[in-house]
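Because only heavy atoms are used, hydrogens play no part in the values below, and waters and symmetry mates are left out as well, while side chains stay in. Quick note on labels: first sequence line is chain A, next is B, and so on, each numbered from 1.
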Number of protein chains: 2
Amino acid sequence: MMSKKCKYAIKALIALAEHYEQGNLFTADISKAQNIPKKFLEQILLELKHAGFLGSKQGYGGGYYMKKNPAEITVADIYRLFDGNIALLPCVSLLRYESCDDCQDEAACTLKREFAKIREQTRLIMVNTTIQSFLTQEK
Amino acid sequence: MMSKKCKYAIKALIALAEHYEQGNLFTADISKAQNIPKKFLEQILLELKHAGFLGSKQGYGGGYYMKKNPAEITVADIYRLFDGNIALLPCVSLLRYESCDDCQDEAACTLKREFAKIREQTRLIMVNTTIQSFLTQEK
DNA sequence: ATAAATTCTATCGAGTAAGTAGGGTATTAA
DNA sequence: TTAATACCCTACTTACTCGATAGAATTTAT
């Protein structure tokens with residue numbers, strides 16, 4: 001299960017993607033429309049901005065807007081930002097590899113072998129699902 | 001990432017599967033061989049027993065043994081037992097469905113639509129990976 | 001200038017889970 | 001009767017989750 005933070009982030013990105021290249025949205029409006037606690041949402045939008053997905057304008061009339069193309073923001077990106085590794089074991093993580101402290105012989109480890117396969121399947125579908133995917137009506 | 005508990009469970013099951021229908025193993029021996037804290041392992045083996053995967057024999061010379069066929073114990077089973085839902089959102093969980101508290105119109109929710117696809121892909125590979133999969137040497 | 005609206009920052013707090021460790025009871029074989 | 005083992009319960013520390021609180025900084029409208 002993903003964290004609520006991650007889910008809220010995706011919902012906010014979808015809302016902002018619906019106004020892509022059409023100016024900014026207020027945190028307060030997104031908060032109301034998506035049922036996300038406002039102060040929590042502030043933190044989330046800020047993190048998304050720092051990560052380069054969003055831009056912002058401060059002060060009166062300010063707000064957040066999509067900076068990257070929604071078709072180029074993947075669920076894998078957002079999941080990694082808020083919830084960490086896609087891989088189920090640290091030793092099969094693509095971007096954040098760590099050895100398992102209880103592992104004797106990593107090269108021969110059959111857990112690593114099988115969980116690498118699982119990670120790759122999971123990764124592929126999460127990379128192929130983008131913010132744009134949530135906008136289309138078609139099935 | 002899965003919990004250490006879940007990973008330890010899989011490692012213990014593999015060790016026991018290697019002695020399938022060849023008597024029992026001691027908790028202490030599995031603990032040493034797999035680098036799993038003994039007291040933690042006790043709880044894990046007990047849970048696996050209560051879930052029907054293992055059998056046990058008490059007293060002197062007792063221990064745990066595989067009860068189910070290793071080829072019929074899937075990673076999905078173990079993950080669900082220790083770490084919960086495979087689905088990333090409660091509303092797309094196959095076995096433990098719950099509605100999202102922030103969702104307005106679930107039927108029209110595109111998060112549900114896309115995350116249902118992700119859940120199904122993830123589920124399939126986790127169901128197709130069994131304890132037996134970790135035993136085979138071939139690639 | 002002043003006030004209002006907004007982003008930005010930092011911190012705090014309750015609740016829950018993760019990862020153990022400790023101590024004791026029940027059962028069995030030698 | 002003793003030792004080895006499964007079984008069971010509790011407690012502990014650490015970290016994370018889901019927010020709430022309290023403002024500071026910035027921009028615009030008036």
Side-chain angles (χ1 to χ4, degrees), chain A residues 1-12 16 23-32 34-67 79 81-85 88-90 100-102, chain B residues 1-12 16 23-32 34-67 78-85 88-90 100-102:
Chain A
M1 300 269 286
M2 72 170 64
S3 67
K4 286 200 174 185
K5 196 170 184 178
C6 188
K7 177 179 151 193
Y8 290 160
I10 294 173
K11 286 180 70 171
L16 287 159
N24 55 26
L25 293 182
F26 302 147
T27 304
D29 289 343
I30 299 173
S31 164
K32 280 176 205 158
Q34 305 298 327
N35 273 325
I36 304 171
K38 183 164 176 288
K39 276 301 194 177
F40 198 19
L41 182 58
E42 279 186 19
Q43 292 175 29
I44 294 166
L45 293 175
L46 210 50
E47 279 189 66
L48 288 169
K49 181 197 167 180
H50 291 152
F53 300 112
L54 302 181
S56 69
K57 195 184 157 198
Q58 283 199 49
Y60 187 100
Y64 288 94
Y65 57 90
M66 258 343 233
K67 196 170 168 188
Y79 189 87
L81 181 59
F82 291 101
D83 287 2
N85 293 346
L88 291 176
L89 296 179
C100 293
D101 40 359
D102 58 316
Chain B
M1 299 269 287
M2 71 169 65
S3 67
K4 286 198 174 185
K5 195 170 186 180
C6 188
K7 176 179 152 194
Y8 290 159
I10 294 172
K11 286 180 70 171
L16 287 159
N24 56 25
L25 293 183
F26 304 145
T27 304
D29 289 345
I30 300 174
S31 164
K32 278 176 207 156
Q34 305 298 327
N35 272 325
I36 304 172
K38 183 162 176 288
K39 279 297 198 176
F40 198 19
L41 181 58
E42 277 186 21
Q43 293 176 30
I44 294 167
L45 293 175
L46 210 49
E47 279 190 66
L48 287 170
K49 183 198 167 181
H50 291 153
F53 300 112
L54 301 182
S56 69
K57 195 183 159 199
Q58 285 197 50
Y60 187 99
Y64 288 94
Y65 57 89
M66 257 344 231
K67 195 171 169 188
I78 309 306
Y79 189 87
R80 285 190 176 117
L81 181 60
F82 292 101
D83 288 1
N85 294 344
L88 291 176
L89 295 179
C100 294
D101 39 359
D102 58 314

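- Protein atom CD of B/Glu47 is 15 Å distant from nucleotide atom C1' of D/dA6, rounded to whole Å.
- For B/Tyr8 and C/dT20, the shortest distance from a side-chain N or O to OP1 or OP2 is below 4.0 Å.
- A 4.5 Å side-chain heavy-atom check between A/Phe53 and A/Leu81 finds at least one atom pair inside the cut-off.
- If you measure from atom NZ of B/Lys5 to atom P of C/dT20, you get 11 Å, rounded to the nearest angstrom.
- Between B/Leu41 atom CG and D/dC8 atom P there is a gap of 16 Å when expressed in whole angstrom units.
- For the atom pair B/Phe26 CZ and B/Lys32 NZ, the distance stands at 10.5 Å (nearest 0.5 Å).
- A heavy-atom distance below 4.5 Å is found between the side chains of A/Met66 and A/Leu54.
- Atom CE in B/Met2 sits roughly 16 Å away from atom C1' in C/dG19 (whole-Å rounding).
- One finds the CG atom of B/Leu88 at 8.5 Å from the CG atom of A/Asp83 (value rounded to the nearest 0.5 Å).
- Remark: P of D/dA4 and CG of B/Asn24 are 16 Å apart, rounded to the nearest angstrom.
- For the pair A/Lys11 NZ and D/dC18 P, the computed distance is 14 Å after rounding to whole Å.
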Margin query: One character per nucleotide, please: for nucleotides 4-18 of chain C, 5' to 3', B when the base has a protein heavy atom closer than 4.0 Å, S when only the sugar-phosphate does, - otherwise.
Written below: -BBBBB-B-------

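- Here the CD1 atom belonging to B/Ile30 is positioned 10.5 Å from the CD1 atom belonging to B/Ile44, to the nearest 0.5 angstrom.
- Between B/Glu47 and B/Phe82, the closest side-chain pair of non-hydrogen atoms falls below 4.5 Å.
- Remark: C1' of D/dC8 and CG of B/Leu48 are 16 Å apart, rounded to the nearest angstrom.
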